[in-house]
Amino acid sequence: MTQPDPLSPYYYHHNFQSLIGLVSERDWDLLTGKERAWLTCFQQLSFKAQCLLVRLLMRRHDYFLADKLTYPELGDTRPLLHNLADNGFVSITDTAPADVLFNLLSKAQLIDAFPAVALAKSASKTQWQTAITDTYDDPLISPYALVVCHQPDLLPVLLLLYFGNSRQDLSQFVVAELGIQQFESYPVSQSERLFQHRQHIDDWLHLSALTDTVWQAKKAKRPALILALQSRLPQPFEWPPLERKRQRLVNRIAREFERHDDFPCATLLYQTTTQPPSRERQARMLIKQGYIDDASRIIAAMLDAPHDEEEYDVACRIAKQKPLREHARLVPTNSVNPAIVDSETLTLPLEHRVEWDVAAYYRCQGWQVWYSENSLLNALFGLFFWDILFLPISGAFVNPFQRGPRDLYSDDFVTKRQPQIHARLANINQARDWIARHYQQKQGLSNDWINWSVIEWPLLDAALHALSDTQLSACFKRILFDRRHNRRGHPDLFMCRGDAYQWVEVKGPGDVLQPHQSRWLQFFHQNGICAKVVYVTSATSNS
């Protein structure tokens with residue numbers, strides 16, 4: 001494989017122009033007047049002034065030391081800064097809030113900048129900061145030229161419009177240009193855009209900010225900050241993508257109230273969501289409080305109309321708990337039965353990772369073994385449905401760097417593609433041809449379902465020979481039913497020997513089957529697919 005060409009020294013400018021080019025063409029009507037004016041004025045700057053401004057925008061703060069803004073490809077940045085200042089993009093100043101200046105300056109610079117402070121130079125930077133704030137008024141005057149970058153909170157808006165999410169940023173362009181990731185081709189036009197109204201953008205950014213606060217508070221172990229967000233939650237949205245995002249946030253905040261035993265507040269929040277684990281958490285809180293009848297009604301609803309297989313399995317487990325056993329109507333009709341899963345126990349030296357040791361054992365028995373875990377079935381699924389996954393459904397593809405459709409886990413994913421999915425499954429006897437064709441044509445292209453570093457044709461070929469059309473169709477239908485959860489829990493090893501094959505889930509000492517693994521093993525059993533669990537105990541090696 002040839003190495004990618006080195007990036008142009010102005011790669012960041014090219015990437016930013018790609019960003020604003022698509023947004024300007026597709027989403028101009030969604031921008032505010034202030035944002036449009038910024039983009040118009042930006043395009044009128046000189047090339048190098050644009051480059052410097054993009055450099056500043058890519059940094060995570062607004063204040064900079066002018067002397068530190070040195071970039072080899074731009075040469076002397078002083079005239080560029082003055083050009084940006086003349087056009088209102090930056091300000092050059094000598095004052096800044098104390099906390100900003102303390103972040104910008106080293107201890108040595110602080111000592112030089114504030115000679116009136118009577119403190120030993122050996123004191124820590126924190127001690128110097130305290131002494132400076134005690135001696136000088138805030139904001140502080142610095143002997144160093146400071147640059148303040150002005151932007152109307154534009155970059156988050158541009159990134160959201162371009163990527164359709166708040167996770168990706170300009171680094172995605174670099175990954176693609178270096179050839180680290182390659183992507184499928186699909187149309188990205190105004191008719192395919194995600195956002196239709198400006199309010200959707202503002203609401204999305206608001207929810208993203210609240211979600212970020214939750215994660216930061218968790219990291220800092222400050223639960224009170226999470227609880228305080230209850231008052232800042234918006235009302236339910238009519239637009240499904242926003243409402244799903246809101247419900248995920250509400251569930252996180254409700255869970256924090258639950259952890260603090262504030263069941264009334266937690267319940268009120270959970271009742272505003274339909275996404276799991278809302279019903280599960282409500283039932284568990286009711287059981288803790290002794291309201292068994294109320295809990296049983298929620299569990300019955302989960303069993304009768306589960307949101308997905310994960311929620312059904314949770315309902316089955318709760319229904320078996322002692323307080324609920326007397327409610328006969330809660331007896332699940334098809335709960336997981338571990339007793340029907342084949343198993344074997346091996347005693348091995350365990351010199352490496354337990355899956356590798358088991359694979360080595362079976363190779364000694366003449367099996368050809370692959371450690372594929374979730375990769376095999378997912379790859380078969382992704383290759384069989386490749387063209388359907390990348391259908392240009394409205395709102396599914398909003399930027400050139402997607403590994404799959406945005407609505408992959410939405411409730412209406414299958415409904416929107418039902419004719420194509422039905423026709424493909426009706427021709428399951430041609431699965432090998434579809435999979436082989438896509439494997440050859442799409443090799444290396446990013447797809448949420450395919451781990452190219454693991455998948456090789458001999459593995460796919462072995463699985464296609466092992467599974468009947470009926471079995472393969474059943475696997476695909478199960479994944480389609482619950483794409484989020486059924487892409488996990490597949491057995492660790494796939495192996496074949498002559499006409500025989502088997503999937504093997506490996507469990508080392510002390511390890512047990514997880515519910516999603518048990519569900520797959522039971523499914524295999526019900527569909528006549530050879531699979532078993534191997535429990536491994538450790539033996540002392542004699543070597």
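When reading the values below, keep in mind they use all heavy atoms of this one structure, side chains included, and skip hydrogens, waters and symmetry mates.
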Is a side-chain donor or acceptor of N165 paired with a backbone partner of Q168 at a separation under 3.5 angstrom?
yes
Look at atom CZ of F481 and say whether more than 12 heavy atoms of other residues, nucleotides or ligands are closer to it than 6.0 Å.
yes
Roughly how far apart are I299 CD1 and D304 CG, rounded to 0.5 Å?
11.0 Å
Note: D27-R193 ion pair, threshold 4.0 Å (strictly below):
yes
Any donor-acceptor pair under 3.5 Å linking the side chain of D492 with the backbone of Y371?
no
When you measure from the side chain of E243 to the backbone N and O of E238, does any donor-acceptor pair fall under 3.5 Å?
no
Got more than 12 heavy atoms from elsewhere within 6.0 Å of CG, D137?
no
Which of these, R198, H200, H206, sits in a side chain to side chain donor-acceptor pair (under 3.5 Å) with D202?
R198
Spell out, as yes or no, whether a donor-acceptor pair under 3.5 Å connects the side chain of R478 to the backbone of N486.
no
Report yes if the distance between the aromatic ring centroids of Y71 and Y12 is under 6.0 Å, otherwise no.
no
Ring centres of F195 and W239 under 6.0 Å apart?
yes
Q271 versus T267, side-chain donor and acceptor atoms under 3.5 Å:
no
Donor-acceptor contact below 3.5 Å, side chain Q247 vs main chain Q275:
yes
Any salt bridge between R252 and E256, counting N to O under 4.0 Å?
no
Ignoring hydrogens and angles, tell me if any N or O in the side chain of S446 forms a donor-acceptor pair with the backbone of Q182 under 3.5 Å.
yes
Centroid-centroid distance, F397 to F183, less than 6.0 Å
no
Under the 3.5 angstrom rule, does the side chain of S124 hit a backbone N or O of Q127 as a donor-acceptor pair?
yes
Is any NZ, NE, NH1 or NH2 atom of the basic residue among D293 and R297 found under 4.0 Å from an Asp or Glu carboxylate oxygen of the other?
no
Is there a donor-acceptor pair under 3.5 Å between the side chain of K34 and the backbone N or O of L154?
no
Nearest heavy-atom pair of I287 and P323: which atoms, and what distance?
CG2-CG, 4.3 Å
With the side chain counted from C-beta on, respond yes when F163 and L194 share a heavy-atom pair under 4.5 Å apart, and no when they do not.
no
H307 vs T274, test: side chain to side chain donor-acceptor pair (under 3.5 Å). Steps then yes/no.
CA-CA 9 Å; H307 187 275; T274 58; 5.7 Å; no
Between R26 and L161, is there a donor-acceptor pair closer than 3.5 Å when you use the side chain of the first and the backbone of the second?
yes
Report yes if some heavy atom in the side chain of K288 is under 4.5 Å from a heavy atom in the side chain of F263; otherwise report no.
yes
Within 45° of the ring axis of W449 and under 6.0 Å from its six-membered ring centre, is that where the NZ or CZ of R483 lies?
no
For the CZ atom on R36, are there more than 12 heavy atoms of other groups (residues, nucleotides or ligands in this structure) within a distance under 6.0 Å?
yes
Could you go step by step and tell me if Y162 and F173 meet the ring pair (Phe, Tyr, Trp, His ring centres under 6.0 Å) rule?
CA-CA 12 Å; Y162 187 92; F173 288 90; 5.4 Å; yes
Taking side chain as C-beta onward, heavy atoms only, is M285 less than 4.5 Å from F257?
no
Relative to F64, does R59 satisfy both conditions: NZ or CZ under 6.0 angstrom from the six-membered ring centre, and within 45 degrees of the ring's axis?
no
If we ignore angles and hydrogens, is there a donor and acceptor under 3.5 Å between the side chains of Y270 and E258?
yes
Verify the neighbour count for atom CZ of R232: are there more than 12 heavy atoms of other residues, nucleotides or ligands below 6.0 Å?
no
Does the pair R417/D407 count as a salt bridge with the N-to-O cut at 4.0 Å?
yes
Any side-chain to backbone donor/acceptor pair from K507 onto Y535? Under 3.5 Å, distance only.
no
Exceeds 12 heavy-atom contacts within 6.0 angstrom, atom CG of D67:
no
Any chance CG of L225 has more than 12 other-residue heavy atoms, nucleotides or ligands included, within less than 6.0 Å?
yes
Run the ring-centre check on F89 versus W38 and record whether the distance is less than 6.0 Å.
yes
Sub-4.5 Å side-chain heavy-atom contact between F102 and T133:
yes
Within-4.5 Å side-chain heavy-atom neighbours: V54 and F42
yes
